[in-house]
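When reading the values below, keep in mind they use all heavy atoms of this one structure, side chains included, and skip hydrogens, waters and symmetry mates.
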Amino acid sequence: MSEVRIAVEQRNEFGKGAARRTRRAGKIPAVLYGHGADPKHLSLPSVEFARAVRENGHNAVLTLEVAGSGDELALTKTITAHPIKGYIEHVDLLLVKRGEKVTVNVPVVVTGDAASGALVSQELTEVEVEAEALHIPEQIELSIEGAEIGTQLHASDLKLPKGTTLVSDPETMVVNISEASASMEEESASEGEEAAEEEASEEA
């Protein structure tokens with residue numbers, strides 16, 4: 001995960017009214033805390049922060065260029081978005097140091113295709129791991145290529161990057177591969193036939 005530099009400003013006004021004014025100015029209210037230091041109230045540039053999260057995930061590590069206070073290294077801890085409009089309302093940032101290990105949730109991405117006639121159920125979409133702050137994996141892939149019906153894969157089966165350790169219960173099921181019911185197979189076949197018919201129609 002790459003390190004991202006963002007110029008931020010300290011906030012001296014607090015409360016809902018001040019937060020609204022910050023957002024109207026194209027910035028996001030944020031709080032930086034950790035290591036026993038007093039929390040710092042900051043405003044983040046909306047466009048730059050959204051880009052950092054989009055490119056590096058919700059565990060983005062930021063080098064904050066704090067006006068009048070020098071640089072701070074921070075992990076994006078919590079992002080609060082508007083429930084309807086979707087814009088970012090507030091961000092909590094955790095102060096970290098280079099070489100320090102942090103505990104975070106990382107997405108699990110299932111790759112490959114199981115054996116024919118199998119139904120793949122992903123029971124766990126994130127796993128908790130401990131990693132060095134500047135080397136947090138963006139995602140952890142789990143291949144099910146050719147996996148037979150009856151296969152169950154657990155957190156202990158995940159191949160973690162070097163320097164990353166599992167915090168979640170290793171016995172937690174991640175993927176369960178069972179036999180697809182006849183009705184589901186028929187539905188899948190029907191969808192395949194419809195797609196073929198549409199393709200033939202477009203070619204005609």
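Panel note: side chain R23, backbone H90; no donor-acceptor pair is recorded below 3.5 Å. No donor-acceptor distance shorter than 3.5 angstrom exists from the side chain of E126 to the backbone of P107, with no hydrogens or angles considered. In this structure, the side chain of T76 engages the main chain of A60 through a donor-acceptor pair within 3.5 Å. A donor-acceptor pair is defined here as one N or O able to donate and one able to accept, closer than 3.5 Å; such a pair exists between the side chain of E132 and the backbone of G99. In this structure, S46 contributes its side chain and G26 its backbone to a donor-acceptor pair below 3.5 Å. Formation of a donor-acceptor pair under 3.5 Å by the N59 side chain with backbone atoms of E138 is not found in this model.
Counting all heavy atoms, side chain and backbone alike, A147 lies closest to I177 at CB-CD1, 3.3 Å. Residues R24 and R21 come closest through the heavy atom pair NH2-CG, 3.2 Å. Shown here for G86 and A81, the closest heavy-atom pair between the two residues is O-CB, 3.8 Å. Nearest heavy atom pair, residue P39 against residue V31, reads CB-CG1, 3.9 Å. Closest approach of T164 to H135, counting heavy atoms only: OG1-O, 4.4 Å. Heavy-atom minimum distance, A131 versus P137: CB-CD, 4.2 Å.
You'll find the side chain of I144 stays beyond 4.5 Å of the side chain of T151, heavy atoms only. Side-chain contact between Y33 and L95: absent, with no pair of heavy atoms (C-beta onward) separated by less than 4.5 Å. Side chains of V8 and K27 form no contact here, defined as non-hydrogen atoms less than 4.5 Å apart. Between V174 and D157 there is no side-chain heavy-atom pair separated by less than 4.5 Å. Contact of the I88 side chain with the L44 side chain is not registered, since no non-hydrogen atoms from C-beta on lie closer than 4.5 Å. L73 places none of its side-chain heavy atoms less than 4.5 Å from the side chain of K97. A heavy-atom distance below 4.5 Å is not found between the side chains of E48 and V4. The shortest side-chain heavy-atom distance between L134 and R98 falls under the 4.5 Å cut-off.
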Next item on the list: Show your working on side chain to side chain contact (heavy atoms under 4.5 Å, CB included) between H58 and V53 and close with a plain yes or no.
Entry: CA-CA 5 Å; H58 279 218; V53 172; 3.4 Å; yes
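Between S168 and the choices V108, V106, V127, the side-chain contact (heavy atoms from CB on, under 4.5 Å) rule is met once, by V127. When the options V104, V102, T103 are evaluated for a side-chain contact (heavy atoms from CB on, under 4.5 Å) with V129, the one that passes is V104.
Under the ring-ring contact (aromatic ring centres under 6.0 Å, His included) criterion, the residue pairs touching residues 59-85 are H82-Y87, with sequence neighbours excluded.
Within the model, atoms CD of E72 and CG of L93 stand 10.5 Å from one another, a figure rounded to the nearest 0.5 Å. Between the CG atom in L64 and the CZ atom in R5 there is a gap of 9.5 Å [rounded to 0.5 Å]. Distance check: K101 NZ to I136 CD1 gives 11.5 Å after rounding to the nearest 0.5 Å. Note that OG of S156 is 11.0 Å distant from CE of M173, once rounded to the nearest 0.5 Å. Summarising the geometry, atom OG1 belonging to T22 is positioned 11.5 Å from atom NE2 belonging to H41; distances are rounded to the nearest 0.5 Å. One distance of note links CD of Q122 with CG of N176; it measures 12.0 Å at 0.5 Å rounding.
Under the 4.5 Å side-chain heavy-atom criterion for Ile, Leu, Val, Met, Phe, Trp and Tyr, V110 and L166 are members of the same hydrophobic cluster. Hydrophobic clustering (side-chain heavy atoms under 4.5 Å, transitive across Ile, Leu, Val, Met, Phe, Trp, Tyr) keeps L142 apart from V167. Both I79 and L62 sit in one connected hydrophobic cluster of ILVMFWY residues. Membership requires side-chain heavy atoms under 4.5 Å apart, directly or through other members.
Around atom CG of D71, more than 12 heavy atoms belonging to other residues, nucleotides or ligands sit under 6.0 Å away.
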